[in-house]
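Here's the structure, in structure tokens; my notes come after.
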Amino acid sequence: MSDELKTASIPSLRRLPAYYRFCKQLAETGRQVVSCPHIARELHLDPTQVRKDLAMTGMVGKPRVGYTIGELLAGIEGYLGWTNTTDAFLAGAGNLGAALMGYPGFADYGLNIVAAFDEDPAKIGTTLHGRPVLAMDRLPDLAERMHVHIGIVTVPASAAQSVADLMVLSGIRAIWNFSPTRLDVPDSIILEHVSLTASLAVLTSRLAESLKRSS
């Protein structure tokens with residue numbers, strides 16, 4: 001990861017995939033150019049913010065024309081590191097882990113989950129979507145030999161911290177945590193929590209407010 005990417009604001013990094021998806025949809029319709037106001041209008045954002053975000057990638061639009069969509073897509077892909085597939089290990093071959101292993105869309109964003117790891121003897125030695133499920137104690141050796149730096153945690157909360165500790169000791173440098181608990185990792189580790197329950201809480205509370213207003 002470049003120093004520029006490390007220092008980019010997290011909100012800006014989160015918006016870039018939305019720009020990418022929107023521009024890809026436009027490209028599929030045959031559209032060749034897009035402007036910041038167009039992107040902003042469709043994604044309900046400020047045009048100035050869109051322009052600043054895209055400037056991080058090194059892309060500069062032409063006045064009164066905008067960006068060539070193909071070049072913009074390539075710029076975002078290169079900036080976010082999606083042009084080179086990044087291998088990852090997944091810990092926890094349960095329902096959520098299996099769903100992530102089977103999601104084909106990750107390939108569009110350069111993520112390749114090469115193997116899953118689990119403690120359950122009934123799962124070890126099986127495959128998930130064509131990829132092996134291995135014993136958890138094999139993770140350190142394989143991470144070192146294969147130079148894998150991304151770990152995905154989908155184990156239950158009670159096991160999440162010990163799995164994270166194992167990943168850190170194995171040389172994993174970025175952890176994507178789907179477990180419903182916060183993890184304690186060194187500052188040098190890039191940690192991203194995905195809280196499904198928090199997202200659900202926002203959804204249900206907003207629905208309740210909407211129903212109140214309409215009643």
Side-chain angles (χ1 to χ4, degrees), residues 5 8-29 31 34-54 56-57 69 72-73 76-77 79-82 86 88 90-113 116 118 128-129 150-161 163-164 167 174-185 189-215:
L5 183 51
S9 76
I10 297 300
S12 293
L13 291 175
R14 292 190 190 280
R15 285 189 290 268
L16 286 178
Y19 304 154
Y20 183 86
R21 287 193 297 271
F22 176 62
C23 290
K24 197 153 191 179
Q25 291 170 356
L26 290 181
E28 289 169 355
T29 68
R31 180 111 179 209
V34 66
S35 66
C36 286
H38 185 186
I39 295 173
R41 184 170 60 252
E42 293 297 324
L43 299 182
H44 307 289
L45 295 169
D46 179 77
T48 301
Q49 183 63 67
V50 174
R51 188 173 295 107
K52 288 180 179 178
D53 291 343
L54 294 180
M56 293 189 313
T57 71
I69 290 177
L72 183 56
L73 289 171
I76 294 174
E77 288 173 353
Y79 184 73
L80 293 178
W82 291 350
T86 303
L90 181 144
N95 291 334
L96 178 55
L100 294 177
M101 293 279 283
Y103 177 56
F106 286 145
D108 293 335
Y109 304 103
L111 182 67
N112 177 36
I113 305 175
D118 207 281
L128 281 176
H129 303 282
I150 295 179
I152 303 171
V153 178
T154 59
V155 297
S158 59
Q161 185 61 55
V163 167
M167 287 182 170
I175 295 176
W176 202 10
N177 178 35
F178 285 83
S179 178
T181 188
R182 307 298 287 184
L183 299 177
D184 182 16
V185 299
I189 302 300
I190 300 165
L191 177 63
E192 180 72 13
H193 289 284
V194 178
S195 178
L196 301 179
T197 53
S199 182
L200 177 61
V202 172
L203 177 72
T204 54
S205 64
R206 291 182 65 185
L207 174 61
E209 297 244 350
S210 176
L211 292 173
K212 270 188 203 175
R213 290 195 298 269
S214 61
S215 62

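Along the sequence shown, the residues carry numbers beginning at 1. For clarity, every value in this text was computed on a predicted model and none was experimentally measured.
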- Message: When you compare the side chain of I189 with that of M167, does any pair of heavy atoms fall below 4.5 Å?
- Response: no
- For the pair E77 and K24, find out whether any cationic side-chain nitrogen is under 4.0 Å from an anionic carboxylate oxygen. no
- Rounding to 0.5 Å, atoms OH (Y109) and CG (L80) come to a distance of 10.5 Å
- Any chance you could lay out the side chain to side chain contact (heavy atoms under 4.5 Å, CB included) test for T29 and Q25, step after step, and finish with the verdict? CA-CA 7 Å; T29 68; Q25 291 170 356; 5.9 Å; no
- Note on the structure: On a heavy-atom basis, the closest approach of I69 and A27 is CG2-CB, 3.9 Å
- Query: With a 4.5 Å heavy-atom cut-off, do L207 and L211 have their side chains touching?
  - Reply: yes
- Task: Identify the heavy atoms of I113 and M101 that sit nearest to each other, and give their distance.
- Result: CG2-SD, 3.1 Å
- Task: Over all heavy atoms of both residues, which pair between L128 and A98 is shortest? Give the atoms and the distance, please.
- Result: CD2-CB, 3.8 Å
- Quick check: does any side chain N or O of S179 sit under 3.5 Å from a backbone N or O of V155, one acting as donor and the other as acceptor? yes
- Task: Kindly say whether P180 contributes a backbone atom to a donor-acceptor pair with the side chain of S195 at under 3.5 angstrom?
- Result: no
- Message: Surrounding CZ of R182 (heavy atoms of other residues, nucleotides or ligands, distance under 6.0 Å), is the total greater than 12?
- Response: no
- Note on the structure: V163 and V153 have their tightest heavy-atom pair at CG1-CG2, 4.3 Å
- Taking every non-hydrogen atom, the tightest pair across Q49 and Y19: O-OH, 4.3 Å
- Go through the steps to decide whether K52 and M56 satisfy the test side chain to side chain contact (heavy atoms under 4.5 Å, CB included), and finish with yes or no. CA-CA 7 Å; K52 288 180 179 178; M56 293 189 313; over 6 Å; no
- Side-chain donor or acceptor of T57 paired with backbone N/O of L54 under 3.5 Å: yes
- Message: Nearest 0.5 angstrom please: L72 CG to I39 CD1, how far?
- Response: 6.0 Å
- Message: Quick check for you: to the nearest 0.5 Å, what is the distance between L100 atom CG and F178 atom CZ?
- Response: 5.0 Å
- Note on the structure: The side-chain hydrogen bond (donor to acceptor under 3.5 Å, both in side chains) partners of R206 (sequence neighbours excluded) come to none
- Message: Testing the basics here: between I76 and W82, what is the closest heavy-atom pair and its distance to 0.1 Å?
- Response: CG2-CZ3, 4.5 Å
- Task: Working to the nearest 0.5 Å, report the span between CD of E28 and CZ of R31.
- Result: 14.5 Å
- Query: Do Q161 and T181 pass the side chain to side chain contact (heavy atoms under 4.5 Å, CB included) test, and can you show the C-alpha distance, the side-chain angles, and the key distance before you say yes or no?
  - Reply: CA-CA 8 Å; Q161 185 61 55; T181 188; over 6 Å; no
- Task: Mind checking the CD1-CG spacing from I175 to N177? Nearest 0.5 Å is all I need.
- Result: 8.0 Å
- Message: Could you measure the distance from the CD1 atom of I150 to the CG atom of N112? Nearest 0.5 Å is fine.
- Response: 10.0 Å
- Query: Could you walk me through whether L73 and Y20 pass the side chain to side chain contact (heavy atoms under 4.5 Å, CB included) check?
  - Reply: CA-CA 6 Å; L73 289 171; Y20 183 86; 3.5 Å; yes
- Item | All side-chain hydrogen bond (donor to acceptor under 3.5 Å, both in side chains) counterparts of R15, not counting sequence neighbours | S12, D53
